[in-house]
Amino acid sequence: MIFFDRVSKVYPDSSVALENVTLSIEPREFISIVGPSGAGKTTLLKLFLVEERPTEGAVFYNDTNVHTLGRGEIDKFRRNVGMVFQDFRLLPNKTVYENIAFTMEASGRTDEEIEADVPHVLELVDLLPKIWNFPHELSGGEKQRVAIARALVNEPDVIIADEPTGNLDPVNTYDVVQILKKINDLGTTVILTTHNKGIIDSLGKRVIAMDKGRVVRDDRSGKYYV
Ligand code: ADP
């Protein structure tokens, strides 16, 4: 479980990014976070990943205050979290296979594991036929599916997808959202940030609306009213 306990964040230049945010996310939940630019969404994710420290309050992951972890423990904790970004962040000179293998190597997985798991995870995102292609040979939606496969390959408990469809057309957006749903159905917690009202309404999952550093709505009916 992820728990933000009365968290505030004021940056050194006095920008107030979060104000007294309390929020809990259950294992296997699919939660969307919406809100205008500057609402505090990125700061919330950064505090969870221990990329920033809270000014007040605490952030827990399975009863551990993540901001009390040492450096090595933070690395271990982050391996529980797969990240997907709007701009894909694939390595352009590596094939699809190598992009995913690279992540696995970095987390100390063996060659045998890599050879077995890369095709498996590409199958999950329906992209096995593109295993030997380079990123520039893929559509935006395909690139994002590689990024999702890469995020999944170390079997994280949580996937954070930060505006994953921001660069995609409606057809590719639909595919990416379907894959996130499938991953969630298989048991992974999904945290999605998006501006896309259509996605939120079609998901019908919990929506957190943020504005000016506060959670202004927490709606389990899955509607986007902002
Ligand atoms: P969102 O992701 O919803 O656009 P952010 O968390 O990026 O919101 O930003 C929330 C507020 O914090 C904004 O006012 C922003 O200008 C400010 N902010 C974000 N990052 C920094 C930073 N590193 N230093 C100073 N202010 C920041």
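Whatever order the structure lists ligands and atoms in, that order sets their numbers, starting from 1. This chain uses plain numbering: 1 for the first residue, then up along the sequence. In this text the structure is predicted, and so the values were computed from the model without any measurement.
Judged by distance alone, the side chains of D162 and T193 do bring a donor and an acceptor atom under 3.5 Å apart.
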Tabulate below the donor-acceptor pairs under 3.5 Å that side-chain atoms of residues 59-66 make, not counting sequence neighbours, or state none.
unit_1: Y61; atom_1: OH; unit_2: D157; atom_2: OD2; d: 3.2
unit_1: N62; atom_1: OD1; unit_2: M1; atom_2: N; d: 2.4
unit_1: N65; atom_1: OD1; unit_2: H67; atom_2: N; d: 3.0

Without placing hydrogens or testing angles, list every side-chain donor-acceptor pair under 3.5 Å for residues 116-135, not counting sequence neighbours.
unit_1: D117; atom_1: OD2; unit_2: R109; atom_2: NH2; d: 2.5
unit_1: N133; atom_1: ND2; unit_2: E137; atom_2: OE1; d: 3.2

Requested in this report: List the steps, then state whether salt bridge (Lys or Arg N to Asp or Glu O under 4.0 Å) holds for E51 with R78.
Outcome: CA-CA 10 Å; E51 290 172 8; R78 286 184 184 143; 5.1 Å; no
Could you pull out every N or O of ligand 1 that sits under 3.5 Å from a protein N or O, with the distance for each pair?
unit_1: ligand 1; atom_1: 2 (O); unit_2: T42; atom_2: N; d: 2.8
unit_1: ligand 1; atom_1: 2 (O); unit_2: T42; atom_2: OG1; d: 2.4
unit_1: ligand 1; atom_1: 3 (O); unit_2: A39; atom_2: N; d: 3.1
unit_1: ligand 1; atom_1: 3 (O); unit_2: G40; atom_2: N; d: 3.0
unit_1: ligand 1; atom_1: 3 (O); unit_2: K41; atom_2: N; d: 3.0
unit_1: ligand 1; atom_1: 3 (O); unit_2: K41; atom_2: NZ; d: 2.8
unit_1: ligand 1; atom_1: 4 (O); unit_2: G38; atom_2: N; d: 2.7
unit_1: ligand 1; atom_1: 6 (O); unit_2: T43; atom_2: N; d: 2.9
unit_1: ligand 1; atom_1: 6 (O); unit_2: T43; atom_2: OG1; d: 2.5
unit_1: ligand 1; atom_1: 8 (O); unit_2: G40; atom_2: N; d: 3.0
unit_1: ligand 1; atom_1: 26 (N); unit_2: S15; atom_2: OG; d: 3.4

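Hydrophobic clustering, defined by side-chain heavy atoms of Ile, Leu, Val, Met, Phe, Trp and Tyr closer than 4.5 Å, groups L91 together with F102.
Summarising the local packing, CD of Q178 is surrounded by more than 12 heavy atoms from other residues, nucleotides or ligands at distances under 6.0 Å.
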